[in-house]
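Presented below is the structure to which this report refers.
Since this is a predicted model, take the numbers as computed values, not measurements. The chains referred to below are lettered A, B, ... by the order of the sequence lines, with proteins before strands, and numbering in each begins at 1. Scope of the values below: all heavy atoms of this structure, side chains included, with no hydrogens, waters or symmetry mates.
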Amino acid sequence: MSWDAGDIAEQLADRLRDAISCAFPGHTAPAALRPSAKPEFGDFQASFAMALGKTLGRNPREVAAETLACAHLEDLVEKAEIAGPGFVNLTLTLSALTRALAEHDSPTLGVPSCSAQTHPVAIDLCGVNVAKQMHVGHLRATIIGDTLARVHERLGFKVFRQNHLGDWGLPIAMTLTALRRDATDLDTITLEDLNRAYRNAQAQGAADEAGLAAAVSMGCGPHRIAELTEQNEGAAQTIADAKRTLVALQSGDAAAVADWKRLIECTMREVYQVAHTLNVALSDDNNRGESFYRDELAGVVDEFQSKGVAREDAGAIVVPFPDRERPLLIRKGDGGFLYATTDLAAVRYRVQSLGSARVIYVVDARQRDHFRDVFEAVRLIGWDMLPDGTRAQLVHLPFGAVLGKDKRPLKTRSGENFTLKALLDEAIERGRREVHARAAAPDAPTHSLDPKALDAIGQAVGIAAVKYADMSSDVTRDYVFDLDRMVSFEGDTGPYIQYAHARIASMMTKYSQGAGATKEQSQSLIHPIEPSERLLALALLRYGAALETSARELQPARVCAYLFDLANLFNAFYQACPVLKCPDESVRESRLRLAALTRRTIADGLTVLGIEAPERM
RNA sequence: GCCCCGGUAGCUCAGUUGGACAGAGCAGCGGCCUUCUAAGCCGCAGGUCGGUGGUUCGAGUCCACCCCGGGGCGCCA
């Protein structure tokens, strides 16, 4: 049940289901209960009668009426109406709503927690490459993965964050070879230098045999052919050198390994800096790079062969599929392994060693086919089977590309790829500018803050804008990165949610400094009498369901949409209902507690998204 | 050529797996600050849901075909 509003909705759905089997013996059907689309349809609407009417060959309205006649809802429901083609619209009694809210107002905020025996979850995230600058693609793999980890953790799962670093193989060896040849100081090198060395090494190693063959066959001049031949020979030499370095690394050559580690450290320093800026939990504990699996690759291939799942094909080892032409290549003709081999080892580790029943890959959508093949191969060999017989769910979350306003992949004015760092710096700058500008007003709540405090708030706002914009729509789709739109800070944005939170926080501060100073936190019951209070209260009860849906669908957007809805409803309530200035004390106390609950829910939800919730802004 | 993903308001997107007249946010227009933060609230306007057939009491949602855009396609990762 994804659209439950906490226990109360579950109770209603259960009772309707009982009533259905009572009214129509031999028939069972879910209540199909969900929050009403409009206030005039009550608090909840159930649409079981249409589907049931169809199977029974009966008029849905009659089915609804007979079901209601059997239903025991008196203690919860004030009004049950049949409307339209056969919808059942339910309105809760005020006392049932008050009771539900009192129960909901606990540290868990109604979020269910799975049992301690539940299998852990492994999430492949970040996926940076050593010696390469982070770009916008890493933004997505990092923050989406982190948020899914947080959602699962919030629901009580043990989560293994797995950073599948590109830290092994020929490209790294080529870079390392070049750096050592040039006697570069690896202790002081920056990632920018490293990245340049990486690109140069790649260029040096890029042979163009096809171009040479074409030049010969097209009868190009001897000078051109000589030039191309020389290039090819240089490239071959570069690759031969790199292979020697790789062998040295593989065999544990102390100097080579020490240098290799320095490359990783240099890269990770910047990765952690960016992760910190993004409020993403990532550390060395999460590093399970390609090198982690390097000694398992031969065994992986052996097992595939010995179990008859893989076979030789034109000198290479492949895993054929029953329903597909193209097999999965797991060992090259020259004996080398491929990234598919590493991924197979990684799945085995995550399921068999970590015991995960759910392995989530937050990786770029272009790798759809690759993961489909890898997962299929894992199922063929049975590595997705846990010791207790459950089959692990292997799932690739294929996030879309980040595009510029021109719908082309994001580039700087000079046509280069945006580094993630540059992008975040820009967002932070915009956030700070905005916060400082607003603080200049004498009556602004932030007016008295010092510049450093304002900078911190500005950073939180700018980062919220970027993260929220990235995660607030279906992550499998491409999206247009438009900083101007993100930092407008109006409407469906991260800062809008933060703003609602800050408004409540500021109200609470005023309360505790003023009339309420002598009182404990309000514990009076919540009586949502005004329409806007009722809508806000009902939304609060849906928090747990929103997180469950987000985890099930692997969609951070469900959390975003929930928070936007909640912030909207709060702002409407705030406009319509005086809280501190409400003359009636019991109403005031009720509203204060409603506002306090809203603040905690927004803060909790923002934490799940890894977005800060400033007290003032 | 084959496979995958998209096409919903001027722009950016939702649409709860077939249910009430297709919803938001920007942008546009009109109201609301001597009252708890106007990064806000209230209202107006704006759509042949890419097209054509089909299934159904009911289709943006399911099926078929077609059009447009993007991505992928064995010894790179």
Side-chain angles (χ1 to χ4, degrees), chain A residues 2-3 32 34-38 41 45 47 50-51 53-54 59-60 83-87 89 127 129 166 169-171 290 313-318 324-340 342-343 364-370 372 398 400-401 403 405 407 434-435 438 441 443-446 461 469 472-474 476-480 482 485 487-493 495-500 502-511 514 545 549 553 557-558 561 564-565 567-568 570-582 591 595 616-617:
Chain A
S2 60
W3 293 92
R34 61 178 74 156
S36 290
K38 298 182 176 187
F41 297 151
Q45 60 183 53
S47 58
M50 274 85 84
K54 192 172 188 171
N59 179 329
F87 286 96
N89 293 335
N129 294 305
L170 207 53
E290 291 168 342
D313 181 56
I317 306 298
V318 301
R324 261 169 271 157
E325 270 298 304
R326 201 187 70 250
L328 178 68
L329 198 63
I330 59 173
R331 198 178 77 192
K332 299 193 282 185
D334 68 2
F337 303 111
L338 298 104
Y339 75 131
T342 309
D343 277 326
D364 178 1
R366 286 174 305 188
Q367 302 206 30
R368 268 198 163 99
D369 293 351
H370 168 69
R372 185 196 56 181
L403 310 175
K405 272 181 262 195
K407 301 276 183 113
E434 192 68 22
V435 166
R438 287 171 192 271
D443 56 342
T446 48
V461 168
S472 59
S473 62
D474 184 340
T476 66
R477 298 183 26 158
D478 295 352
Y479 82 104
V480 174
D482 181 349
R485 184 162 52 81
V487 302
S488 69
F489 305 148
E490 283 166 20
D492 191 4
T493 63
Y496 173 87
I497 317 273
Q498 290 176 314
Y499 178 66
R503 276 181 136 180
I504 306 174
S506 142
M507 197 162 78
M508 294 301 156
T509 306
K510 283 211 163 108
Y511 175 71
T549 305
E553 297 178 357
R558 309 245 83 118
F564 180 57
D565 187 39
N568 248 320
F570 173 77
N571 280 327
F573 156 77
Y574 185 82
Q575 194 77 19
C577 301
V579 181
L580 299 179
K581 301 196 171 166
C582 177
R591 287 177 179 169
R616 278 189 274 187
M617 63 183 280

Would you mind building the protein contact string for nucleotides 70-77 of chain B? One character per nucleotide, 5' to 3', B for base within reach (heavy atoms under 4.0 Å), S for sugar-phosphate only, - for untouched. -SSSBBSB
Along nucleotides 36-41 of chain B, 5' to 3', which nucleotides get a B, which get an S, and which get a -, given that the test is a protein heavy-atom distance under 4.0 Å? BBSBBS
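In this structure, CD of A:Gln45 is placed 8 Å from C1' of B:A20, rounded to the nearest angstrom. One atom, CG of A:Asp565, and another, P of B:U16, lie 16 Å apart when rounded to the nearest Å. Summarising the geometry, the separation between CZ on A:Phe87 and P on B:U16 is reported as 13 Å, rounded to the nearest angstrom. Taking atom CZ of A:Arg477 as the reference point, atom C1' of B:U12 lies 10 Å away to the nearest angstrom. Counting to the nearest Å, the C1' atom of B:C26 and the CZ atom of A:Phe564 are 11 Å from each other. For A:Asp482 and B:G25, the CG to P distance is 18 Å, given to the nearest whole Å. Rounded to whole Å, the distance from CG on A:Asp474 to P on B:U12 is 16 Å.
One finds the CZ atom of A:Phe337 at 10.0 Å from the CD1 atom of A:Ile317 (value rounded to the nearest 0.5 Å). Interatomic distance, A:Asp343 CG to A:Glu290 CD, rounded to the nearest 0.5 Å: 8.0 Å. Here the CE-NZ distance, from A:Met507 to A:Lys581, works out to 11.5 Å after rounding to the nearest 0.5 Å. The line from CG of A:Asp364 to NE2 of A:His370 is 11.5 Å long, rounded to the nearest 0.5 Å.
The shortest distance between side-chain heavy atoms of A:Gln367 and A:Tyr339 falls below 4.5 Å.
Across all strands shown, A:Tyr479 has heavy atoms under 4.0 Å from sugar-phosphate atoms exclusively, and none from any base. Among the atoms of the strands shown, none is found under 4.0 Å from any heavy atom of A:Asn59.
No donor-acceptor contact under 3.5 angstrom links the side chains of A:Asp474 and A:Tyr479, judged on distance only. In the model, A:Tyr496 has a side-chain atom that pairs as donor or acceptor with a side-chain atom of A:Asn571 under 3.5 Å.
For B:G28 and B:G70, the P atoms lie 31 Å apart once the distance is rounded to whole Å. Rounded to whole Å, the separation between the P atoms of B:A59 and B:G53 comes to 14 Å. When the C1' atom is used for both B:C63 and B:C26, the distance is 37 Å, rounded to whole Å. Taking atom P on both B:C32 and B:A38, the two are 16 Å apart, rounded to the nearest angstrom. Taking atom P in both B:G50 and B:U35, the straight-line distance is 48 Å, to the nearest Å. Of the P atoms belonging to B:A14 and B:U8, the separation is 11 Å, rounded to the nearest Å. Rounded to a whole angstrom, the distance from the C1' atom of B:U48 to that of B:A22 is 13 Å. For B:G47 and B:C3, the C1' atoms lie 33 Å apart once the distance is rounded to whole Å.
In this entry B:C65 has B:G51 as its Watson-Crick or G-U wobble partner, both defining distances falling under 3.5 Å. Judged by Watson-Crick or G-U wobble contacts below 3.5 Å, the nucleotide B:G1 has B:C73 as its partner. The partner of B:A24 is B:U12, by the rule that a Watson-Crick or G-U pair needs both atom distances under 3.5 Å. Taking a pair to require two hydrogen-bonding distances under 3.5 Å in either a Watson-Crick or a G-U wobble arrangement, B:C33 remains unpaired.
Using modelled atom types, no side-chain atom of A:Arg503 and backbone atom of A:Tyr574 make a donor-acceptor pair closer than 3.5 Å.
For B:G19, the base has no donor-acceptor partner in the side chain of A:Lys54 [N/O atoms by modelled type, under 3.5 angstrom]. Judged by distance alone, with hydrogens and angles left aside, A:Asn89 brings a side-chain donor or acceptor within reach of the base of B:A20, the pair sitting under 3.5 Å.
Centre separation under 5.5 Å together with a plane angle under 30° holds for the ring of A:Phe41 and the six-membered base ring of B:A20, marking them as stacked.
The number of heavy-atom neighbours closer than 6.0 Å to CZ of A:Arg324, taken from other residues, nucleotides and ligands shown, is above 12.
A:Arg485 has no side-chain polar atom (N or O) that falls below the 4.0 Å cut-off from OP1 or OP2 of B:C13.
B:U34 adopts an anti glycosidic conformation, its chi angle falling more than 90° from 0. Using a 90° window around 0 for the glycosidic torsion, B:C57 falls outside it and is classed as anti.
Ring centers of A:Phe570 and A:Phe573: under 6.0 Å apart, within the cut-off.
With sequence neighbours excluded, the residues forming a side chain to side chain contact (heavy atoms under 4.5 Å, CB included) with A:Ser36 are A:Phe41, A:Gln45, listed by chain and number.
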